[in-house]
Amino acid sequence: MAVQERSTKERLLSVLDDLEVLSRELIEILALSRTQKLPQPGEDTQILELLVQRDAEFQELMKVAHKQGKAHQEMQLLEKEVEKRDSDIQQLQKQLKEAEHILATAVYQAKEKLKSIEKARKGSISSEEIIKYAHRISASNAVCAPLNWVPGDPRRPYPTDLEMRSGMLGHMNNLSTNGVNGHLPGDALAAGRLPDVLTPQYPWQSNDVSVGMLPPHHSNDFALEPPGHNKENEDDMEAMSTDSSSSSSDSD
Amino acid sequence: MAAVPTKQEAEDDDYSLLPLVHDIIKCMDKDSQDVHQELNKLKNRIQEAREQITAMPGIDKSPEEQQQQLRTLREQVRTKNQLLQKYKSLCMFDIPKA
């Protein structure tokens, strides 16, 4: 078991106490020897030797104490250096923490943006198709009255009752109810009796378009096409997009 | 060069109590009335030494312990200097003001 060394201060004080005691004893013995014989001859010599020894030890310890004092000064300077470095490290730590927070926020926002981009990419629709459908909607005069429309014209921007009944759905309905019930005899007659001038001309009914109803450029583009595009449609689309009656081109 | 050892010797003599004891013994031999004065000098000198030792900084530890502590502090300073140097030499970028 290691014995803790005594501090220099303790040793110095101990040696000083010894010096005090020894010097007092020596003086007492010398004073006593004047008046009477010493009980132990040579005792004064022993005390003197001890005194000299202790004195030398005291001087050595004082030298050590001075060296320790200088080392203590150096330690104080080093402690100040350590404190300064600690505060610098803490400052850097704060800055790093702030940078980490900013970077984490930026990374999170970037990831969210990437998710949005991926989501948009998955649900992407060709712009050409959208423009085509826009043209079709505009071509049926659903957003703007025809140029030659006058009050009294039976045409409307929405399918009228007669037009609906004369369309495919109306025919299908008539076929299914003809032999079943006669609820709508009048409708079937009405559907077959539409005068030619009121016969609706929709792009999906026939390719023979009446001259005054639709712009001639739309004639090739009436079939419902599956999604996707080919070069022919691209040409039609370009032609349609140049038509001034189309509202979609006005929006550019 | 000779001046330094004499200065050292003078410093040693400052801490030595033997001259004072010698003076006391001389006075005793001469049966001088200054014996008490010399005794008081010795007593005061011992007391001053005691106060001086109490006030001296850095002697609360043994020399070995103090040297160990000094080495530790030097190592700490060296390590922290290296750490700071490493952080400051990293790629730094400006943190934009919010």
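We name chains A, B, ... by the order of the sequence lines, and we start the count at 1 in each one.
Annotation: the span from M62(A) atom CE to S16(B) atom OG amounts to 12.0 Å, rounded to 0.5 Å. Rounded to the nearest 0.5 Å, atoms CD (Q76(A)) and CG (L73(B)) are 11.0 Å apart. Taken to the nearest 0.5 Å, the NE2 atom of H72(A) stands 9.5 Å off from the CD atom of Q69(B). Rounding to the nearest 0.5 Å places CZ of R11(A) at 11.5 Å from CD1 of I59(B). Taking CG of D60(B) as the start and NZ of K9(A) as the end, the distance is 4.0 Å to the nearest 0.5 Å. Atom CG of L12(A) sits about 7.0 Å away from atom CE of M56(B), to the nearest 0.5 Å.
Heavy-atom neighbours of Q33(B) CD from other residues, nucleotides or ligands within 6.0 Å: at or below the threshold of 12. Atom CD of Q85(B) is surrounded by 12 or fewer heavy atoms from other residues, nucleotides or ligands within 6.0 Å. Open room surrounds CG on L147(A); 12 or fewer heavy atoms of other groups in view lie less than 6.0 Å from it.
Note on A49(B), P57(B), S62(B): by heavy-atom pairs under 4.5 Å with chain A, the leading option is S62(B). When each of D29(B), L70(B), L20(B), T54(B) is checked for heavy-atom pairs under 4.5 Å with chain A, L70(B) comes out on top. The residue among L42(B), V77(B), I53(B) with the most heavy atom pairs within less than 4.5 Å of chain A is I53(B). Heavy-atom pairs under 4.5 Å with chain A were tallied for I25(B), V35(B), N81(B); the largest tally goes to N81(B).
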Discussion item. Could you walk me through whether F58(A) and L18(B) satisfy the side chain to side chain contact (heavy atoms under 4.5 Å, CB included) test, starting with their C-alpha distance in whole Å, then the side-chain angles of each, then the deciding distance to 0.1 Å, before giving a yes or no?
Written reply: CA-CA 11 Å; F58(A) 183 71; L18(B) 291 180; over 6 Å; no
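Classified by interplanar angle (parallel below 30°, tilted 30° to 60°, perpendicular above 60°), the ring pair Y15(B)/H66(A) is tilted.
For Q53(A), the side chain to side chain donor-acceptor pair (under 3.5 Å) test picks out no residue, with sequence neighbours left out.
Heavy-atom distances place the side chain of D55(A), and not its backbone, under 4.5 Å from chain B. When heavy atoms are compared at a cutoff of 4.5 Å, L39(B) approaches chain A solely by way of its side chain, counted from C-beta outward. Interface residue I24(B): only side-chain heavy atoms are found under 4.5 Å from chain A. Heavy atoms of L26(A) lying under 4.5 Å from chain B belong exclusively to its side chain. Heavy-atom distances place both the backbone and the side chain of V82(A) under 4.5 Å from chain B. Heavy atoms of A31(A) lying under 4.5 Å from chain B belong to its backbone as well as its side chain.
Side-chain contact between Q93(A) and Y87(B): absent, with no pair of heavy atoms (C-beta onward) separated by less than 4.5 Å. Under the 4.5 Å side-chain criterion, counting only non-hydrogen atoms from C-beta, R74(B) is in contact with E74(A). Contact check for L17(B) versus S23(A): no side-chain heavy atoms found under the 4.5 Å cut-off. Looking at Q68(A) and P63(B), their side chains come closer than 4.5 Å, going by heavy atoms from C-beta outward. Counting heavy atoms from C-beta outward, Q66(B) and K67(A) have side chains that stay 4.5 Å or more apart.
Listed here is the closest heavy atom pair of A71(A) and Q67(B): CB-NE2, 4.5 Å. Scanning all heavy atoms of the two residues, the minimum distance from I27(A) to M28(B) falls at O-CE, 3.5 Å.
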Enumerate, atom names and distances included, each donor-acceptor pair closer than 3.5 Å involving a side-chain atom of residues 13-20 of chain A, sequence neighbours excluded.
from   : atom 1 : to     : atom 2 : distance (Å)
D17(A) : OD1    : R50(B) : NH2    : 2.7
D18(A) : OD2    : R54(A) : NE     : 3.0
E20(A) : OE1    : R50(B) : NH2    : 2.8
E20(A) : OE2    : R24(A) : NH2    : 3.4

